[in-house]
Novice: 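Structure below; questions to follow.
Numbers restart at 1 for each chain; the letters A, B, ... are given by sequence-line order, proteins then strands.
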2 protein chains.
Amino acid sequence: MQTTLIASLCGLLGDAHVLQDGDLSAWEVDWRKRYRGKALAVVRPSSTEQVAQVVKLCAAQGVSIVPQGGNTGLVGGGVPNASGTQVVLSLQRMNRVRAIDADNLTMTVDAGCVLHAVQEAARAAGFWFPLSLAAEGSCTIGGNLATNAGGTQVLRFGNARDLCLGLEVVTPHGEVWHGLSGLRKDNTGYDLRHLMIGSEGTLGIITGATLKLAPQPAASMTAMATCADLPACVRLLSLARQRLGDTLTGFEVMNDVSLALVAQHMPQLRQPLPAAPWSVLLELSDQQSAEHARTQFEALLEAALEQQVIDDAAVAESVAQSRTMWHLRESIPLAQAEEGLNIKHDVSLPVSRIAAFCAAAQAQLTREVPGSRLVNFGHLGDGNLHFNVQAPSGSDAAAFLKREESRVNTIVYDCVGAHGGSISAEHGVGALKVGELAARKDATALSMMRAVKAALDPQGLMNPGRVIQIL
Amino acid sequence: MQTTLIASLCGLLGDAHVLQDGDLSAWEVDWRKRYRGKALAVVRPSSTEQVAQVVKLCAAQGVSIVPQGGNTGLVGGGVPNASGTQVVLSLQRMNRVRAIDADNLTMTVDAGCVLHAVQEAARAAGFWFPLSLAAEGSCTIGGNLATNAGGTQVLRFGNARDLCLGLEVVTPHGEVWHGLSGLRKDNTGYDLRHLMIGSEGTLGIITGATLKLAPQPAASMTAMATCADLPACVRLLSLARQRLGDTLTGFEVMNDVSLALVAQHMPQLRQPLPAAPWSVLLELSDQQSAEHARTQFEALLEAALEQQVIDDAAVAESVAQSRTMWHLRESIPLAQAEEGLNIKHDVSLPVSRIAAFCAAAQAQLTREVPGSRLVNFGHLGDGNLHFNVQAPSGSDAAAFLKREESRVNTIVYDCVGAHGGSISAEHGVGALKVGELAARKDATALSMMRAVKAALDPQGLMNPGRVIQIL
């Protein structure tokens with residue numbers, strides 16, 4: 001049976017694109033190395049038609065498929081399980097920019113295009129594709145859409161779904177939905193695009209997308225400021241939104257522990273302001289001029305100083321200084337890894353409840369998990385925190401995780417629930433949170449999700465066991 | 001059977017809120033008076049729990065439900081059919097603003113709130129709820145979401161779905177999905193919110209919503225300009241986007257026939273510029289100051305004049321002048337009605353293909369339907385045109401429609417399809433376009449829609465016959 005399938009796949013794609021032997025860890029092991037699977041085969045189709053044929057061949061044999069982009073996911077949604085019975089379908093060979101439509105401000109790309117290549121193609125045509133995140137050098141746009149990626153520009157441009165106008169999708173039956181539309185308004189039935197986006201490959205395989213472009217800003221400017229506490233950061237956000245409107249494109253917060261870890265492990269990175277309980281990174285993208293951007297930024301920061309919302313501030317004087325500020329922010333996960341194993345939480349809250357959530361969760365962690373260190377940073381403008389917990393200084397981190405991870409998760413997720421938040425803001429559910437989701441999500445929503453999954457994928461062959469548990 | 005149901009409904013809601021006798025035309029006849037139905041009863045629950053109970057009672061008897069907001073829809077999606085067997089469920093008594101969260105920039109409202117009341121509540125709290133359309137004095141926010149309404153601010157703020165963060169929905173089983181979230185990032189499974197929005201009451205009943213608010217702009221400014229042709233309007237749009245960025249919040253076009261009809265039927269409205277092939281209305285919303293807005297606007301219009309993109313321009317010097325400009329634009333449908341019966345098309349195209357579409361469709365209409373007059377206006381920034389056809393001057397409009405409507409629709413919709421467009425941009429499908437949709441939409445998409453409908457509404461009792469035909 002499986003021999004027949006492999007032979008058919010080789011006939012379709014060529015032997016070179018049906019991988020079975022040798023080191024397949026690039027496809028079988030996830031980026032964080034927490035999930036180590038075994039694939040029946042890794043297949044690498046080069047066209048939508050080939051993807052459709054692969055799905056039909058697998059469906060005929062009842063073999064399940066794990067779609068994979070750049071394999072940079074953080075929740076184990078893109079690697080096979082350990083059974084050796086799943087086919088990994090890699091989109092990486094589908095990497096063409098199909099078209100750029102300047103008057104319509106859109107571009108149409110294959111799903112396997114690396115995000116950075118999409119950004120560069122937009123830039124070369126004189127536009128800005130604003131989706132931006134740490135893995136952009138290797139993640140694919142198809143994976144970004146399948147997981148509805150977030151990143152640093154969500155405040156202004158929304159999540160990946162908000163940057164996508166149309167999709168091409170291979171369904172679990174191996175049919176192709178030709179939904180590549182460059183339309184900003186289209187009320188012809190159910191929004192299948194938004195249903196597919198964020199479904200993590202469990203309802204079909206995204207093979208192409210039409211994306212929104214933005215005009216390149218005339219000037220971008222970065223600043224950092226320090227605040228005494230988190231409520232002050234929230235006040236600064238309100239003030240910045242009121243004064244800067246949509247030119248405010250970034251608003252990131254970092255607690256003292258986060259920047260102290262960066263100072264310890266990346267001493268070469270200059271920190272522009274003295275240590276403080278909270279640091280804020282602001283980005284402004286101005287359509288007018290660098291001079292206008294600076295005037296606006298300085299007026300905001302002066303007002304914030306006067307109103308005692310912030311204690312100190314520094315505006316980047318050059319592109320290099322601006323990059324250093326962003327580098328500080330982006331180095332936190334790496335500094336955490338250098339410090340040792342840690343427990344990550346990608347949570348979101350209403351902005352109005354973030355301070356209360358943090359106070360409550362931190363107090364409980366301090367009480368119940370003594371010595372644990374909270375590395376708290378994230379996209380405050382979107383209500384998204386990376387509320388990570390590091391083992392006590394100098395302790396055996398592996399032993400700490402083994403002993404405390406489940407309890408820490410329960411404390412954090414219970415507190416998220418009590419404050420109206422989400423246990424997965426931008427990383428998705430994958431395999432990591434499928435149990436938590438089943439336990440915590442609204443029961444009616446779960447049964448609607450199960451009904452949709454069963455309706456669109458009746459054989460249950462698309463990335464099974466991820467996102468939703470079928471009862 | 002039906003007697004039992006009515007008795008149960010009266011027991012639940014009180015006799016005063018189960019209407020069966022007298023003139024029920026306010027609920028049974030649509031706004032354009034093209035659909036005249038007969039309801040088994042009109043029920044008016046006052047709470048989510050009552051809505052759920054009504055659905056359960058109807059489902060137990062196999063009675064279908066037509067949810068209704070302000071009954072301002074243009075496609076016959078909110079009125080019952082003529083069978084006398086359907087229950088109209090009016091949300092109008094559910095009209096509370098539940099909460100406003102200033103720090104989170106959100107408000108939570110009952111589905112039956114009138115859009116204008118939502119705008120006013122936002123304004124009173126110091127914010128801006130930017131969804132705006134002609135029917136705002138009587139349409140409800142639930143209806144806006146059920147149909148994914150568009151309007152004049154889509155260019156900057158998106159359609160109704162883009163202004164909604166969370167929903168409360170009663171499912172076809174009478175269960176309540178408590179999805180009222182104020183989160184900007186939430187990747188916990190399939191996006192049921194976007195699935196419900198735009199489903200026109202065929203998958204469930206929206207009973208509440210959490211909406212996004214924007215800061216009030218420091219200044220709004222309106223201008224009109226004239227262009228020699230449609231490609232020049234598209235060039236002006238590109239130029240305006242590049243220079244104004246997100247402060248450009250409105251970009252409406254009107255052809256000469258549209259404004260001539262307004263001049264004829266509303267002679268009291270002053271037209272600020274001499275007649276021209278195309279007129280453009282631009283709106284700018286500035287976070288900084290009125291002075292800054294004016295400088296930006298004047299610089300744009302001067303550049304457009306220099307580059308011969310526009311022939312003439314006028315910036316409104318007062319709120320009254322600004323209102324007059326908008327009034328001109330908004331009076332077109334009324335002037336059309338004064339002129340007589342007409343054929344409406346709410347279509348969208350990629351902005352880059354609008355000029356080619358208009359040229360091709362108009363040439364074919366001129367050739368095949370001699371004397372027909374094209375009233376062409378709309379939201380160019382979103383690619384959305386109201387491409388309406390008026391009977392020849394002085395002819396019998398009713399006879400014209402009877403003779404030509406079907407042929408005119410075929411010409412226009414074929415041409416829309418050939419240019420990558422949509423036959424319903426913002427008005428939805430309802431009963432009016434359900435056949436066109438079945439004939440024209442991608443076959444795979446249609447079968448996915450049918451599978452979703454059957455999965456979530458297995459009895460087929462939610463607004464049957466609208467949006468999707470069950471085979």
Novice: Report which part of A/D382 has an atom under 4.5 Å of a heavy atom belonging to chain B: side chain, backbone, both, or neither.
Specialist: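 Backbone plus side chain of A/D382, per the 4.5 Å heavy-atom cut-off to chain B.
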
Novice: At their closest point, which heavy atom of B/A455 faces which heavy atom of A/A451, and how far apart are they?
Specialist: CB-O, 3.5 Å

Novice: Return the minimal non-hydrogen interatomic distance between A/S422 and B/D186, and the atom names on each side.
Specialist: OG-OD1, 2.6 Å

Novice: Side chains of B/P350 and A/L183: closer than 4.5 Å at any heavy-atom pair?
Specialist: yes

Novice: Holding to ring pair (Phe, Tyr, Trp, His ring centres under 6.0 Å), I want the full list of residues that pass it with B/H292, two or more places apart in sequence or in another chain.
Specialist: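 Ring pair (Phe, Tyr, Trp, His ring centres under 6.0 Å) list for B/H292, sorted by chain: A/H292.
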
Novice: Select one option (side chain, backbone, both, neither) describing which atoms of B/S447 are under 4.5 Å from chain A's heavy atoms.
Specialist: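 Contact with chain A involves no heavy atom of B/S447 at all.
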
Novice: Need one label for A/V429: side chain, backbone, both or neither, based on atoms under 4.5 Å from any heavy atom in chain B.
Specialist: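 When you check distances to chain B, atoms from both the backbone and side chain of A/V429 fall under 4.5 Å.
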
Novice: Quick check for you: among B/A218, B/A425, B/G383, which has the greatest number of heavy-atom pairs under 4.5 Å with chain A?
Specialist: B/A425

Novice: Counting only non-hydrogen atoms closer than 4.5 Å, does A/Q242 touch chain B with its backbone (N, CA, C, O), its side chain (CB onward), both, or neither?
Specialist: both

Novice: Do B/M448 and A/L203 touch side chain to side chain, with heavy atoms closer than 4.5 Å?
Specialist: no

Novice: Give a yes-or-no answer on whether the side chains of B/S352 and A/D101 include a donor-acceptor pair shorter than 3.5 Å.
Specialist: yes

Novice: Can you tell me which portion of A/T106 sits under 4.5 Å from chain B's heavy atoms? Options are side chain, backbone, both or neither.
Specialist: neither

Novice: Please examine the side chains of A/V452 and B/L456, heavy atoms only from C-beta on, and report whether any two atoms are closer than 4.5 Å.
Specialist: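 Yes. Closest side-chain heavy atoms under 4.5 Å.
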
Novice: Select one option (side chain, backbone, both, neither) describing which atoms of A/N148 are under 4.5 Å from chain B's heavy atoms.
Specialist: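 Interface part for A/N148: both.
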
Novice: Can you confirm whether B/R161 sits close enough to A/D191 that some side-chain heavy atom of one is under 4.5 Å from a side-chain heavy atom of the other?
Specialist: yes

Novice: Between A/Q288 and B/Q296, is any pair of side-chain heavy atoms under 4.5 Å apart?
Specialist: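 The answer is yes; the side chains approach within 4.5 Å.
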
Novice: For the OH atom of B/Y190 and the CD1 atom of A/I468, what is their distance to the nearest 0.5 Å?
Specialist: 6.5 Å

Novice: Measure A/T171 against the heavy atoms of chain B and call it side chain, backbone, both or neither at under 4.5 Å.
Specialist: side chain

Novice: So which residue, A/S181, A/G182, A/G158, A/G428, ends up with the most heavy-atom pairs under 4.5 Å with chain B?
Specialist: A/G428

Novice: Under 4.5 Å from any heavy atom of chain B, what part of A/K433 do you find: side chain, backbone, both or neither?
Specialist: neither

Novice: Check the pair A/D246 / B/R156 against salt bridge (Lys or Arg N to Asp or Glu O under 4.0 Å), numbers first and verdict last.
Specialist: CA-CA 10 Å; A/D246 288 319; B/R156 165 59 196 95; 2.4 Å; yes

Novice: Please classify the contact of A/V176 with chain B as side chain, backbone, both or neither, using a heavy-atom distance under 4.5 Å.
Specialist: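 The backbone, not the side chain.
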
Novice: Quick one: closest heavy-atom pair of B/M449 and A/G189, and the distance?
Specialist: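 Reported closest heavy-atom pair: CE-CA, 3.6 Å.
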
Novice: Checking A/R241 against chain B: side chain, backbone, both or neither under 4.5 Å from a heavy atom?
Specialist: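 Both backbone and side chain of A/R241 come within 4.5 Å of chain B.
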
Novice: Would you give the length of the straight line joining atom CG of B/L192 to atom NE2 of A/H194, rounded to the nearest 0.5 angstrom?
Specialist: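 With rounding to 0.5 Å, CG (B/L192) is 13.0 Å from NE2 (A/H194).
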
Novice: Report, in residue-number order, which members of residues 438-446 of chain A are under 4.5 Å from chain B by heavy-atom distance.
Specialist: A/K441, A/D442, A/T444, A/A445

Novice: Need one label for A/E436: side chain, backbone, both or neither, based on atoms under 4.5 Å from any heavy atom in chain B.
Specialist: neither

Novice: Quick one: what part of A/S238 sits under 4.5 Å from any heavy atom of chain B, side chain, backbone, both or neither?
Specialist: side chain

Novice: Identify which part of B/L105 has an atom lying under 4.5 Å from any heavy atom of chain A, answering side chain, backbone, both or neither.
Specialist: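 Only the side chain of B/L105 comes within 4.5 Å of chain A.
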
Novice: Just so I understand: if I count every heavy-atom pair under 4.5 Å between each of A/H178, A/H173, A/R450, A/R193 and chain B, which residue has the most?
Specialist: A/H178

Novice: Please check if the side chain of A/N187 supplies one atom and the backbone of B/I423 the other of a donor-acceptor pair under 3.5 Å.
Specialist: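 Absent.
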
Novice: What part of A/L237 lies closer than 4.5 angstrom to a heavy atom of chain B: side chain, backbone, both or neither?
Specialist: neither

Novice: Within a strict 4.5 Å, meaning less than it, do heavy atoms of the A/K185 and B/V154 side chains meet?
Specialist: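 Of all side-chain heavy-atom pairs linking B/V154 with A/K185, at least one is under 4.5 Å.
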
